[in-house]
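Structure first, commentary second.
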Amino acid sequence: MTVALENTTTTTIHGDRVSLLRVLGPAHVWALGVGIVLVGEFTGWNFSADKGGALAALIVCWVVGLLYTSVAMIDSEVTSTVAAAGGQYAQAKHIVGPLMAFNVALFLVFAYTMLEVSDAILLGDTIVAKAGVEGLTHNSFIAATIVVLAWLNYRGVLMTLNVNFVITAIAYVSIVILFFSVSPWTQGAVLKLNELVTPGNALPYGWIGVIAAFQFGIWYYLGIEGTTQAAEEVRSPARSLPYGTMAGMITLLIAAAMTWYVCASLMPWEYLGITYYPLWDAGKLTGSPLLENLLFIATLLAALASANGCINDAARAWFSLGRDRYLPSWFSAVHPKYRTPYRSILFLLPIALAFAFIADLNQAITFSILSGVLQYTFMSINIMMFRKKWPLGSIRRGYTHPFHPLPAIVLFCLCVVTFFAIFLGFGSQLIAMVAFYFLISLWFHFYRYKFVRRGDQFTMPWPKPQGY
Amino acid sequence: MSRYTPPEQSKAGQVFDIAVVVVAIFVALWLPLKLGLAGAAKSIDALDAKTWEALGQNPTMASIWEKLGYTPETAHDVIQNRFHYIIDWPTLIIMAAVLIGYFVFLFRASDREYRDVINEKFDDK
């Protein structure tokens, strides 16, 4: 029998307390972050070329990189201090309040579940395109991907992230191999950037296209903040989380720059903006069967690694909601043998399957991006409140980020620009999604909150916040 | 301050709440798809002459399109399918109002709840 205990990380089985296992190191944190995000180089970022042209995709690659550097800096400070499962959810609970925490957990669950859906669609479509068989659909591949990865997550976090580490590394190396195989220092032989990105087509929509491109520019890095979800399963959170997150950001910035350079030098922006697999296409266009097959396999591996990490993160956020009774406590059970939040994993499985069958790739990506940007907006305000309620020196921080409040201001401004970018072309989807969060917040505040134990929401050994 | 004791939720109540959340998720994510509100707002600027030159493609671009299996006719709908960035001010104002209203409610209601948490946590000591 499994009995969930609220407000603890544990489950009681036959009188024994069972908790999530602390087995992960910095390499796992890196693998969790980069594993989730790297698929963004294999698909999704290129839709920014559709919204603004090839040069716009490069500009947002760097500017959105700045947004995520701010995210990583802010997140490293708060997470190294609030090291609890749920990541940003636990941060919101201790710094802003229960309703914000409830919303942040939903942002996380939707961002990761829709990213998982996007990964499964990419994987299915890539296999179907490679097979080239008339009448073959992606549905069976999508279902198999989601179910098998959910089973892997059900079985244990260490095995899950060990698998992620290996497949992420292979996918990353494939980008490096592609980059050096096309003689990046020479134009004209394989790469033809000057002939494909010309003064006449570099910014086909002008500067408004650059702003519009921010929407999918987010996809270069979306999910790196997922490293914090494993806070309760990391051996040394104060060291491993900042180190793994920052290393992940550097890895991704390099991969994003290489990816843009190769892809923009091999295909016209109109095609780059609509293809589902730009790196695989780049492999094909080099004329090398070896590179084509390598990038095909890497696309599948990147999608698998990302979906795997997403299931891990979404389930932990959902688990945290159940544990604190923000949702029924039934979700807070830990598996007696595998020590995983198995009910949360199983609950989110059919939701992912359903949307994988009814949404297309750019719709699923937009759902994910929307939840991500709402979360980053919260993070920019959250760090200001954190520093105000507990100024430096009042509590022990594992890491203190420099230049405060500049990263928070940069992050907030870039979030406002990204909301405007989503409005340009996807405005109705944005309004519908925010309306949902508004209504579910009313439900929580006026009904569900009565089941929450007030004082138990604050578990850190900190002094009373200033101003309260 | 006295410690707040929440009511125990029955199994039926838990099942009902789970159902509410599932329905809310599907309404939020599925309805925009069903109503055609999701996805890119693009339209095709059709051209009469379907040649690589008319489509604005130089010889290098044309050779790559052909390598990818396209002809000027099949590439026409891809190349000419464009965004038209006209700012619809009423929609933009609605979007901004919804977003600002949402965040204002979120922070104000959270603060009220947070004061309960802090009072109970620190007044117990």
Side-chain angles (χ1 to χ4, degrees), chain A residues 51 96-100 103 192 195-196 201 205 208-209 212 267-268 270-271 274 285 325 327-328 330 351 355 358-360 362-363 366-367 377 419 423-441 443 445 448-455 457-458 464-465 468, chain B residues 3-4 6-7 9 14-15 17-18 20-22 24-33 37-42 56-58 60-61 64-65 67-68 75 78-79 83 85 88 91-92 94-95 98-99 101-103 105-107 109-122 124:
Chain A
K51 287 196 85 177
V96 185
L99 177 62
M100 179 57 87
N103 275 266
K192 292 171 179 166
E195 291 160 70
L196 292 173
N201 75 5
Y205 299 107
I208 193 140
M267 56 195 97
E270 296 96 333
Y271 180 80
I274 56 128
L285 288 167
R325 297 166 51 121
L327 286 176
W330 183 81
I351 293 174
F355 283 99
I358 61 176
D360 70 23
N362 70 8
Q363 289 167 341
T366 301
F367 280 136
T377 309
F419 280 124
F423 166 78
L424 294 171
F426 291 77
S428 306
Q429 209 169 332
L430 190 152
I431 292 172
M433 195 97 186
V434 176
F436 158 75
Y437 282 120
F438 212 153
L439 291 175
I440 201 90
S441 295
W443 174 81
H445 184 65
R448 184 72 215 175
Y449 182 54
K450 71 182 177 194
F451 295 108
V452 176
R453 293 197 172 98
R454 311 305 202 235
Q457 299 314 300
F458 197 100
K464 195 171 183 177
Y468 285 84
Chain B
R3 194 172 171 82
Y4 172 74
Q9 194 177 23
Q14 292 201 33
V15 170
D17 279 4
I18 292 170
V20 167
V21 172
V22 171
I25 290 170
F26 275 89
V27 168
L29 301 183
W30 174 78
L31 211 59
L33 298 174
L37 296 174
K42 294 172 76 178
Q57 306 298 303
N58 63 31
T60 302
M61 296 169 188
I64 294 169
W65 281 108
K67 224 172 174 180
L68 290 164
V78 176
I79 295 169
F83 286 96
Y85 296 128
D88 177 9
T91 312
L92 181 62
I94 290 169
M95 187 197 83
V98 168
L99 264 174
Y102 166 66
F103 272 106
F105 169 72
L106 211 50
F107 277 96
S110 290
D111 190 62
R112 276 202 290 278
E113 295 172 356
Y114 190 67
R115 285 179 189 279
D116 293 344
V117 171
I118 296 301
N119 287 340
E120 191 171 305
K121 171 78 181 176
F122 290 94
D124 280 356

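Everything quoted here is computed from the prediction, not taken from an experiment. Labels below follow one simple rule: chain letters A, B, ... track the order of the sequence lines, proteins then strands, and each chain is numbered from 1.
The contact between A:L285 and chain B is made by backbone and side chain atoms together, counting heavy-atom distances below 4.5 Å. Only the side chain of A:L430 comes within contact range of chain B, with at least one heavy atom under 4.5 Å from a heavy atom of that chain. The part of B:V22 that comes within reach of chain A is its side chain, from C-beta onward, which places non-hydrogen atoms under 4.5 angstrom from that chain. In this structure, chain B has heavy atoms under 4.5 Å from both the backbone and the side chain of A:I358. Both the backbone and the side chain of A:K464 have a heavy atom closer than 4.5 Å to some heavy atom of chain B. Residue contact with chain B, scored on non-hydrogen atoms closer than 4.5 Å, is absent for A:T366. Contacts between A:M100 and chain B at a heavy-atom distance below 4.5 Å involve backbone atoms as well as side-chain atoms. Contact of B:V27 with chain A is not made at all, since no heavy-atom distance falls under 4.5 Å. Interface residue A:N201: only side-chain heavy atoms are found under 4.5 Å from chain B. Interface residue B:D111: backbone and side-chain heavy atoms are both found under 4.5 Å from chain A.
Ring to ring, A:Y468 and B:F122 are not that close: their centroids are 6.0 angstrom or more apart.
Between the side chain of B:D17 and the backbone N or O of A:L327 there is no donor-acceptor pair closer than 3.5 Å. When atom types are taken as modelled, the side chain of B:E120 and the backbone of A:G455 share a donor-acceptor pair closer than 3.5 angstrom. Although no hydrogens or angles enter the test, the distance criterion places no donor-acceptor pair under 3.5 Å between the side chain of A:R453 and the main chain of A:F451. A donor-acceptor pair is defined here as one N or O able to donate and one able to accept, closer than 3.5 Å; such a pair exists between the side chain of B:N58 and the backbone of A:E195. When atom types are taken as modelled, the side chain of B:Y85 and the backbone of A:K51 share a donor-acceptor pair closer than 3.5 angstrom. Listed for the B:Y4 side chain is no donor-acceptor partner under 3.5 Å among the backbone atoms of B:V117.
Take B:F26 and apply the ring-ring contact (aromatic ring centres under 6.0 Å, His included) test, not counting sequence neighbours, and it matches A:F355.
Of the listed residues B:M95, B:E113, B:Q14, the one with more heavy-atom pairs under 4.5 angstrom with chain A than any other is B:E113. Of the listed residues (A:V452, A:D360, A:L439), the one with the most heavy-atom contacts under 4.5 Å to chain B is A:V452. Note on B:L92, B:V78, B:T91: by heavy-atom pairs under 4.5 Å with chain A, the leading option is B:L92. Looking only at heavy-atom pairs under 4.5 Å with chain A, the residue among B:L68, B:I94, B:V21, B:V98 that has the most is B:L68.
In plain terms, the two heavy atoms of B:S110 and A:P98 that are nearest each other are O-CD, 4.3 Å.
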